[in-house]
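In this chain, numbering begins with 1 at the start of the sequence shown. Just so you know, these numbers come straight off a predicted model, no measurement behind them.
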Amino acid sequence: MSSVALKVSRIGNSRGVRLPAAMLRKYHITDTVIAEEKADEIVLRPGRAGRKKLSWEDTARAMAAANEDWSEWETVRGDGLHEL
C-alpha cells in the first residue's frame, strides 16, 4: 500500500483533491467515488458506475467457460440438510 500527499484546492465554496491518473486507472474510477467516514480516516472507493457488473447470463457463461470442477461440493449432500 502506498501513500500519496494530495493538495487540497478550492473548488467554489468547497475544497477538493485531484487523484492522479494512474490511481484512477488502477481502481477503475470513472465518474464517481464513494467517500466513507470512519473514526479517524476517510476511505474513497470507486462508485458503482466504475464497476462493471455481469448479468446472470454473462456470469453463467463465464462460469461455463472456466470449466471448474465442483464435484467436491457433492459430498455435502450426505449431511441431510437438503431434506429439511
Legend entry - Common cluster, L44/V8, ILVMFWY with side-chain heavy-atom separation under 4.5 Å: yes

Legend entry - Close side-chain approach of L6 and P20, heavy atoms under 4.5 Å: yes

Legend entry - Atom pair CZ (R45) and OG1 (T32), whose distance is rounded to the nearest 0.5 Å: 10.5 Å

Legend entry - Residues in side-chain hydrogen bond (donor to acceptor under 3.5 Å, both in side chains) contact with E41, at least two apart in sequence or another chain: none

Legend entry - More than 12 heavy atoms from other groups under 6.0 Å of CD1 on I11: yes

Legend entry - Sequence-distant partners of E57, side chain to side chain contact (heavy atoms under 4.5 Å, CB included), two or more places apart: S55, R61

Inset, instruction - Not counting sequence neighbours, which residues clear side-chain hydrogen bond (donor to acceptor under 3.5 Å, both in side chains) with D69? List them please. - result: S71

Inset, instruction - Group every Ile, Leu, Val, Met, Phe, Trp and Tyr by side-chain heavy-atom contacts under 4.5 Å, then state whether V4 and L24 land in the same group. - result: yes

Legend entry - Shortest non-hydrogen contact between I34 and P46, atoms and distance: CG1-O, 3.9 Å

Inset, instruction - Answer yes or no: are there more than 12 heavy-atom neighbours, outside E37 itself, under 6.0 Å from its atom CD? - result: no

